[in-house]
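One structure below.
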Amino acid sequence: MKLAVLMSLMGLGTSLTIGANVKSPIAAGRLSPTKQFELNLTWESGAPDGVAREQFLVNGQFPGPPLIMDEGDNIEVTVNNFTPFNTTVHYHGIEQTGTPWSDGVPGVSQRQIFPGKQFVSKFTVQQHGAYWYHSHTSGQIMDGLYGPIYIRPRSIPGSLANVITNDTFEQTRIYNAIRSPRLLMLSDWFHMTSEELRKVAISADIDTLCADSILINGKGRVNCRNPKVLTDMVPASVKSVLQGMEYTVKGCLPLANTYAQTTFAHNFSAVPPSMFYECNATKSAEEVIEVDPSTGWASLAFIGSASISAPIVSINNHSLWVYEVDGSYVNPVKVDALTINNGGRYSCLVQLDKIPGTYPITAANSGFNQKIAGFGTLSYKHGRSVLTEPSINYGGIATNSAVVSLDESAIEMFTPSQPSQQPDETYILTIGRIKKAWEWSLNGNHSFGLAMEADRPFLWDPQSAAKSPLTIATMNDTWVDVIFSLSGNVSTLQPGHPLHKHSNRVYVLGTGSGIFNWTSVADAVKAIPENFNLINPPMRDTFTTLPAYKGESWMAIRYHVQNPGAFLLHCHIDPHLTGGMGLAMLDGVDSWPQIPAQYGPHGHWRSIVP
Ligand SMILES: *[C@@H]1O[C@H](CO)[C@@H](O)[C@H](O)[C@H]1NC(C)=O
Ligand SMILES: *[C@@H]1O[C@H](CO)[C@@H](O)[C@H](O)[C@H]1NC(C)=O
Ligand SMILES: *[C@@H]1O[C@H](CO)[C@@H](O)[C@H](O)[C@H]1NC(C)=O
Ligand SMILES: *[C@@H]1O[C@H](CO)[C@@H](O)[C@H](O)[C@H]1NC(C)=O
Ligand SMILES: *[C@@H]1O[C@H](CO)[C@@H](O)[C@H](O)[C@H]1NC(C)=O
Ligand SMILES: *[C@@H]1O[C@H](CO)[C@@H](O)[C@H](O)[C@H]1NC(C)=O
Ligand SMILES: *[C@@H]1O[C@H](CO)[C@@H](O)[C@H](O)[C@H]1NC(C)=O
Ligand SMILES: *[C@@H]1O[C@H](CO)[C@@H](O)[C@H](O)[C@H]1NC(C)=O
Ligand SMILES: *[C@@H]1O[C@H](CO)[C@@H](O)[C@H](O)[C@H]1NC(C)=O
Ligand SMILES: *[C@@H]1O[C@H](CO)[C@@H](O)[C@H](O)[C@H]1NC(C)=O
Ligand SMILES: [Cu+2]
């Protein structure tokens, strides 16, 4: 079943080339005032890495079809839930200005979409670049409910390419590439369903730290490696994290590793051996991105849709010029490899000036939790097999000292913007596990548990929502600082958390190792100015803390409250979110919007009408 996304009659979005896995052409009516999309969700058998299981499909595809929009468009997405599960669809990075009820978070902005029901989200997109849509219900991202979004820019700044070249011919080719990005969703995949994984995690009290494969645009293989080879990849300086153990043949840290699984009491007999220890390699199809070297350049937009892995990506023999991050242009920076954190988007230019050949793309998990990689190919048109060299190995480690990887904290906005130099409010959140290996908290005390998904949405009643310890109420047009402080001691080690703020981008003011033992950013700046940028900091909707492997770490963000509504702030590692690592920001409680009747308590989801 290959169904096209609902199209209006006029105009075809032909200027945009899309990943090879995407089967349907997406069109949108230039003359219609609103672009309409229809997403039919089904639960069917699939085998993205060669092993069959039940999974979500969107319009018969995995990943779902790309939703191609133009900056300024009014968008209407109809979600039809043909699955046996409750669900919702969130549009990651879309600001939802004036439409907080279309943000797709159960218990926060809407009720679940029950089986057989339909939900229509309406919003306007005054932004550009790569985004994605995904389920925001339980662990359904791990079951495949996601697809890319690309918003074509109204215009591209004329001087964006100047740091790359001043040759006008090359610049023209670069802008052509930027106008037609290839979308690459990098994800991880699991042979057990998210529900099965969660049940094991709870009954064994473990953290889900092991994937079965890494996928590029929904394609990949199960790769198995010699445990000794994997173990030898870990640099001597950090080898202590292994506690003298070897990775398993699946590339996982053994369950007995207390840095990974904590010193809490576990019940490992509840864990099936396939989850951490067994590996049967497959030979299923891998993604091929075909490029035409006569165009000179290609643009690859990486969309981080992994659930527990943080893939570092690289293409043999090719540098990547990163020029757009989370929907904002940045000063292009040339790297050999970059880590695509869960939820983040990074668009890169690749010069097609090598021998016409086929060049492997490597996406290798960068965390200690697992040594695992997925592969694809960048294939020049009529390319033949050539001798190539990788910049990173299977363990995500640079193959030589000349390899440059992206430094997130050094990202410079192409159009710098200065935040207010003083916040109106500061919240210091101690983030980490509470009581259990699988249970997480964003405020140190409370878990945003899955049961809350069934609760009355906070959006409907901000006064009573504000009484919940799982909300933070802010006033409109104020500046808010949030400082995340990661506890880290031998019994409760933490990975870096890819945090996501719904609705708006935030200024990432600074990060550091050690205890944040100040009460405000201003005090910390006095002590450690080198850790902060208050002049032109990176603006992100997804921002990753440093890990707390050898002690505490912290991150400070600042944002301007501009769009009243209930918006989640959460970790984008799926088992951390379902383990409770979230809070709802009640942004602008003093200027709360009137909820349209169909999205409020008396609205009801229509049954699907064919
Ligand atoms: C979604 O399903 C409905 C009902 O079967 C069908 O009429 C419609 O064409 C489908 N839409 C897409 C985009 O597949
Ligand atoms: C292009 O010209 C600008 C202005 O003269 C200069 O700053 C920049 O370095 C040049 N770019 C390259 C790649 O040479
Ligand atoms: C451990 O898990 C197994 C399998 O789920 C279960 O049968 C057993 O009762 C559990 N033991 C404890 C102490 O919870
Ligand atoms: C791998 O294959 C063996 C033998 O066919 C089977 O017993 C085992 O369950 C498989 N493991 C996984 C993880 O698929
Ligand atoms: C790739 O790079 C390696 C190392 O620089 C070089 O030996 C090889 O010839 C290159 N391959 C191609 C096809 O350019
Ligand atoms: C937990 O809650 C108590 C009282 O409600 C508060 O004093 C304490 O600071 C909180 N701890 C953290 C880590 O947020
Ligand atoms: C969907 O959610 C409703 C209300 O929270 C609940 O009663 C129902 O059991 C859920 N259905 C499924 C299939 O999980
Ligand atoms: C480690 O951190 C946890 C959670 O913050 C805390 O409860 C525990 O006391 C700490 N242990 C040590 C040895 O500091
Ligand atoms: C704050 O922490 C820093 C290092 O993290 C330490 O050097 C300093 O002594 C601490 N200050 C106080 C007042 O605890
Ligand atoms: C909230 O504040 C923003 C920024 O000042 C402003 O543009 C917006 O109109 C305000 N919204 C409401 C509902 O007052
Ligand atoms: Cu997390």
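Because only heavy atoms are used, hydrogens play no part in the values below, and waters and symmetry mates are left out as well, while side chains stay in. Both ligands and their constituent atoms are indexed starting at 1 by order of listing. Not measured: the values here are computed from a predicted model.
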message: So does I75 get a backbone contact from the side chain of D73, meaning a donor-acceptor N/O pair under 3.5 Å?
response: no
query: Under 3.5 Å, side chain of Q61 to main-chain N/O of G147, donor-acceptor pair present?
result: no
- prompt: Sub-3.5 Å donor-acceptor pair from the side chain of N563 to the main-chain atoms of Q96, do we have one?
  reply: yes
statement: ligand 10 to D477, heavy atom cutoff 4.0 Å, flagged ligand atoms 2 (O), 4 (C), 5 (O)
Nearest non-hydrogen partners of A211 and D188, listed with the distance: CB-CB, 3.9 Å
task: Provide the number and element of each atom of ligand 10 under 4.0 Å from a heavy atom of N476.
output: 1 (C), 2 (O), 3 (C), 8 (C), 10 (C), 11 (N), 12 (C), 14 (O)
task: Please name all residues satisfying ring-ring contact (aromatic ring centres under 6.0 Å, His included) with Y146, sequence neighbours left out, ordered by chain then number.
output: F62
N/O donor-acceptor pair under 3.5 Å between N217 side chain and L183 backbone: yes
Distances only, to 0.1 Å: what are the N or O pairs between ligand 7 and the protein that fall under 3.5 Å?
from     : atom 1 : to  : atom 2 : distance (Å)
ligand 7 : 2 (O)  : N86 : ND2    : 2.3
ligand 7 : 11 (N) : N86 : OD1    : 3.4
ligand 7 : 11 (N) : N86 : ND2    : 3.0
ligand 7 : 14 (O) : N86 : ND2    : 3.4

message: If you measure every N or O of N80 against every N or O of ligand 1, does any of those distances drop under 3.5 Å?
response: no
message: Tell me if a side-chain donor or acceptor on T88 pairs with a main-chain N or O of G104 at a distance below 3.5 Å.
response: yes
message: Need the ligand 10 atom indices (1-based, order shown) with element for anything under 4.0 Å from a heavy-atom of S591.
response: 12 (C), 13 (C), 14 (O)
- request: Indicate yes or no for a side-chain donor-acceptor contact from E453 to the backbone of S138 under 3.5 Å, with no hydrogens or angles considered.
  value: yes
